[in-house]
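What follows is one structure encoded as structure tokens, with my remarks underneath.
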Amino acid sequence: MTDSKYFTTTKKGEIFELKAELNSDKKEKKKEAVKKVIASMTVGKDVSALFPDVVNCMQTDNLELKKLVYLYLMNYAKSQPDMAIMAVNTFVKDCEDPNPLIRALAVRTMGCIRVDKITEYLCEPLRKCLKDEDPYVRKTAAVCVAKLHDINAQLVEDQGFLDTLKDLISDSNPMVVANAVAALSEIAESHPNSNLLDLNPQTINKLLTALNECTEWGQIFILDCLANYTPRDDRESQSICERVTPRLSHANSAVVLSAVKVLMKFMEMLPKDLDYYGTLLKKLAPPLVTLLSAEPELQYVALRNINLIVQRRPEILKHEMKVFFVKYNDPIYVKLEKLDIMIRLASQANIAQVLAELKEYATEVDVDFVRKAVRAIGRCAIKVEQSAERCVSTLLDLIQTKVNYVVQEAIVVIKDIFRKYPNKYESVIATLCENLDSLDEPEARAAMIWIVGEYAERIDNADELLESFLEGFHDESTQVQLQLLTGIVKLFLKKPTETQELVQQVLSLATQDSDNPDLRDRGYIYWRLLSTDPVAAKEVVLAEKPLISEETDLIEPTLLEELICHIGTLASVYHKPPSAFVEGSRGVQHKRLPGSSVESPEPASAAVPEASPSIIPSQGDLLGDLLNLDLTPPTSTAAPPPTSGLQMGAMDLLGGGLDSLVRPRVLVSSQMWLPAMKGKGLEISGTFARRSGVIQMEMTLTNKAMSVMTDFAIQFNRNSFGLAPAGPLQVLTPLSPNQSIEVSLPLNTLGPIMKMDPLNNLQVAVKNNIDVFYFSCQYPMSVLFSEDGKMESKVFLVTWKDIPNDNETQCQIKDCHLNSDAASNKLQGSNVFTIAKRTVEGQDMLYQSLKLTNGIWVLAELKVQTGSPVFTVSISTKVPWRSRHGQQSDSVVPP
Amino acid sequence: MIHSLFLINNTGDIFLEKHWKSVIGRSVCDYFFEAKDKAGDPENVPPVLQTPHHYLISIYRGKLFLLSVIQSEVSPLFVIEFLHRVADTIQDYFGECSENVIKENLVIVYELLEEMLDNGFPLATESNVLKEMIRPPNILRSVVNTLTDTLPTGQLSNVPWRRAGVKYTNNEAYFDVIEEIDAIIDKSGTTVFAEIQGAIEACVRLTGIPDLTLSFMNPRLLDDVSFHPCVRFKRWEAERVLSFIPPDGNFTLMTYHISSQNLVAIPVYVKQNISFFDTASCGRLDITIGPKQTMGKMVEGLSVTIPMPKSVHSANLTATQGSYTFDLATKVLVWDIGKLNPQKLPNLKGSLSIQSGVPKPEENPSLSIGLKVQQLAISGIKVNRLDMYGEKYKPFKGVKYVTKAGKFQVRT
């Protein structure tokens, strides 16, 4: 007997027949009739005309019949709201039934009838059911609150159902607790700030107790809720972890992953030297591995999460490489994810195995997978230096297969390998060139052209090769065109005699025959460079390139932290924060790991000091800063910002110098120079100071990435005062994740000089095993004031007179509540010396001198009107800056 | 939580839909169909899809897609687990989970879905609870209306997996220790990767509320385990015994996973040579299988499945034992061998012809091996004893071991 018989009546008047059967006296016949109705309904036939007849069957003591009628009601009540009211009485009556199953069924069905008129009648029965003596009814009622909230949120709040729901968290029955948590979590999603789930140690304890006794689904809800809690200290954290760990052995993979989430989050609070921390790490690996033997859909979600976990804590799965080996009949989405994780886990210890696997994959059928496998080989070469040679030879083997897309992928990654290890594997270029003709993808063509251009001097027929590309210049994609332009210019700079014609040709193609603005601009720039200053052109075009980093697709640390808090959710599958895709962006709160070392919750505060150094200090605020006086807002101070170059320079100098007088020898505020986001996890903040005649660059290096950082080195760009490191950067021990180190780097002023704008700007490159990072910072001028800056008073007088008026600049400092002596003392602390002092008409005149590290003397006259907070400063220096535009000179700084 | 469910067959027809909240139009499935077309093979459809307003999470089972529609941030594993549970339940009720069976039992399936989920929250997913509320069709429910109108006891008890008042005349408890070997063997015969996926499948028909304890001779082998909710985890942690009140009927008591290579014995070796000639449009195939580590047991049910490159046209082979088939549409070669006779090793040999004008295949096909070894758990795990507490009668007990090939692949 199957349900298919219900579909056999296709005669006319089917509805009529059903109607008659529904009104039959015989129970059995009635039930069969309702079933026929439901069967028609499920396949989309319209049986709404039978509404009154079906509703009439509702008043029965036969549970099965009642349920069928309810099914029908839920489906059609929306389209027949007036008739649905007819059913209300029965519902209300059923909510009082002595049988808990019927009470629960009634309240459950009522909640599913999404008709406003009915919801009003629902409130009273629901209130009773929430306090029902039978836990089955309470548990059903808890879910009903969530349903009602979805239909009419205001009603739920007005009726106080939320409070009742919160009380249910303390219910004696674990299933009720679980459902209350689930309902509250769902409601909370639309009220992000409602604090509905107010978690405190007492409720946490109740949840943990319920966790052991409720169903697998309830465990998921409770674990997800627990993950939102922030333990007070590491002891609480550990005790929660201990009680959650048994869930790792649950057969339901969702329970396992939710437990992993809780543990990954709370682990952050445990001290790393704790024995338990190590135990916990060990316990996490087996369940993650087990997830990979489940159905492919589960595997996929698990792999996406494992990808996050290995980035955060690579140590958990570092010995489990093999479980990620790809089986030929894995679905493609599983294969690609496994490959990704294999590369993340690749290390010197297992690279041989990984490479053997990757080579195997590169001969598979699936094109996408093969391509990714070839790329992976390149990534391995870049990641594990010791393996680079083997990777290159593997890639060469693959090129020999002559499979078109394999060859192209291989060439693209070999280009990256050249970038990472310059002048090491050029012997393979010949092999690459053999395959020139088979390249039809832009990325591969561009890569090949780059290689030819970069190594033009070693390829005898480089000009011919590039010329062959040039023929179809206009049919190439922009990527290839740009590369070709640069490649030929490189070639020209290396072999100018033979390639003049070629370079002319490409320049005119790029500048005259192209619509692409990028291409034209680049073409013009090269053209000008080549025609005006070929030496400069060489420096620009053939400049040494920064090495490329090994992990190109690491998730940015702050995002990673947030995603770790969302393990097991959609966010973890998409690797995007929920705020980026949750419907209607209901103001999802950003979650953070507890006790992690990433900057305080206001990332803005970290960004501000980063931005400020690049602003040229305006005269006002710097002078206002003088002598630690009340610092007034820049707008209200002194003269308007200077416009002439002369004033600029002087202000910079003075400003910077005097600025630091405010502070003691050690500059207090260290500034964020390189935020972790830009430094692939390396964060650098720092400051400058002058200590016993030596300029010190004081830096705090923090590793916010997941892997250990080593091999630090530092370099400066040419700068105004020739600042250069006096020794290597002293970071002797590797910097492990979340570790900070303070380094003091002595500087000298013997480096090459180039005028910077602003004057005190310093461009720094810091290298580590990951990459090279660039940032610029500004040093206070006062670090350049040398200790022997006191001028003989006679000399001072002569010099002062000698300096042409053009080199003098004046400004005022307001709100300086210091007398002249105090000011003089303060300035002396910064190597600004008072040579003489005289008093004229109640005005104190201080004559001062300072000497810059490059031997330039700067003289100043400070007028202090007793009782007036305004200082007038005149600054002069003998050496005028190279004068441009006639009389305007940049003062103070020598070329 | 789970908003709606669509059941979709292989050709892309939606033949059942169920909404637990408001109704979502069928058009939402268009995104899925798009992804399905793109994936080509139904196995390759990504399980989690994003659409502008919804998320689609699907599983593929028995040539059916179970597609759920989600509107809020939710745990995808929870949804996937639930969908598999739906498929399991249908299988449990009707013997298989297929389009025909569902269409024949639409009303029951619909009732089941209603009972399994309430407002998107799982309500009753335990087979024994469901069966008390919705009778499977094999029990003549129209004749004897035995459906309880009281609350199924499992719904609220601490042991939701067991119903009360179970009575049997023959009390019996059988445990099958089933181990599957997942392995990748490379062309030279070296094991690249091997692990054992073990499971203890139980069939328990015992009266009352029995409390069972199962212990192993060598529990140390098991360090990566997942248990049915009935197993008391604390006892396992402390004493390494399985203590539990079993569900009634068939269930998986535990699964385990043994990955340490030295414990995984590989029962057979495969000598293979599949090659294609550069010049002529043909190739050669030669496969021999022999016993390796069989622990003195007979290897049965031996089979080899080879998905041939698409350009292979036909196969002309001779098997010394068993028979082979080559499916021209899917290009899958299956060689059914049967028992492995160590004295006379089975061999399959002959030529493969390739479509003319097509270049020789670039990829090397992998071999999937199927096999079975009775009365052997390849990891060496052994049940020590089974004790029953809480009931007076003497049950009949039995333990069986079997080892099978899981994803056992040989690369060429």
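We name chains A, B, ... by the order of the sequence lines, and we start the count at 1 in each one.
Contact of A:Ile332 with chain B is made through backbone and side chain together, with heavy-atom distances under 4.5 Å. Contacts between B:Lys21 and chain A at a heavy-atom distance below 4.5 Å involve backbone atoms as well as side-chain atoms. Heavy atoms closer than 4.5 Å to chain A are found in both the backbone and the side chain of B:Glu114. With a threshold of 4.5 angstrom between heavy atoms, A:Pro246 approaches chain B through its backbone and through its side chain. If you measure heavy-atom distances from A:Asn212 to chain B, you find no contacts under 4.5 Å at all. Proximity to chain A is limited to the side chain of B:His84, based on heavy atoms less than 4.5 angstrom apart. The contact between A:Gln299 and chain B is made entirely by side chain atoms (from C-beta outward), counting heavy-atom distances below 4.5 Å. Interface remark: A:Leu298 contributes backbone and side-chain atoms alike to the contact with chain B (heavy atom separation under 4.5 Å). Looking at A:Val143, both its backbone and its side chain come within 4.5 Å of chain B, counting heavy atoms on both sides. In this structure, the portions of B:Ser368 lying under 4.5 Å from any heavy atom of chain A include both its backbone and its side chain. Residue A:Tyr300 touches chain B through its side chain alone, counting heavy-atom pairs closer than 4.5 Å.
Note on A:Gln353, A:Glu364, A:Arg114: by heavy-atom pairs under 4.5 Å with chain B, the leading option is A:Arg114.
Looking at B:Asn44, its side chain never comes within 3.5 Å of a backbone N or O of A:Pro331 through a donor-acceptor pair. No donor-acceptor pair closer than 3.5 Å links the side chain of B:Gln197 to the backbone N or O of A:Ser293. For A:Tyr574 (side chain) and B:Gln50 (main-chain N/O), a donor-acceptor pair under 3.5 Å exists by modelled atom type. Of the possible polar contacts, one joining the B:Glu73 side chain to the A:Ala571 backbone as a donor-acceptor pair under 3.5 Å is found. A donor-acceptor pair under 3.5 Å links the side-chain atoms of A:Lys322 to the main chain of B:Val192, judged by distance alone.
Counting only heavy atoms from C-beta outward, the side chains of A:Val326 and B:Ile184 never approach each other to under 4.5 Å.
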Output, in order, the C-alpha distance, side-chain angles, deciding distance and verdict of side chain to side chain contact (heavy atoms under 4.5 Å, CB included) for B:Tyr256 and A:Thr290.
CA-CA 8 Å; B:Tyr256 57 90; A:Thr290 301; over 6 Å; no
Dump the intermediate steps for side chain to side chain contact (heavy atoms under 4.5 Å, CB included) on B:Ser226 and A:His250, then the final yes or no.
CA-CA 5 Å; B:Ser226 300; A:His250 202 287; over 6 Å; no
Applying side chain to side chain contact (heavy atoms under 4.5 Å, CB included) to B:Phe193 and A:Phe324, what does each step give before you reach the verdict?
CA-CA 10 Å; B:Phe193 158 81; A:Phe324 299 102; over 6 Å; no
List the steps, then state whether side chain to side chain contact (heavy atoms under 4.5 Å, CB included) holds for A:Ser258 with B:Phe78.
CA-CA 9 Å; A:Ser258 290; B:Phe78 152 76; over 6 Å; no
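Ion pairing of B:Arg85 with A:Glu216 is present here, as a side-chain N (NZ or NE/NH1/NH2) and a carboxylate O approach within less than 4.0 Å. With salt bridges taken as basic N to acidic carboxylate O contacts below 4.0 Å, none links A:Glu297 and B:Arg61. Under 4.0 Å is where a charged nitrogen must lie from a carboxylate oxygen, and between B:Glu115 and A:Lys67 at least one such pair does.
In plain terms, the two heavy atoms of A:Lys283 and B:Glu237 that are nearest each other are NZ-OE1, 4.4 Å.
Atom NZ of B:Lys234 has 12 or fewer neighbouring heavy atoms from other residues, nucleotides or ligands inside a 6.0 Å radius.
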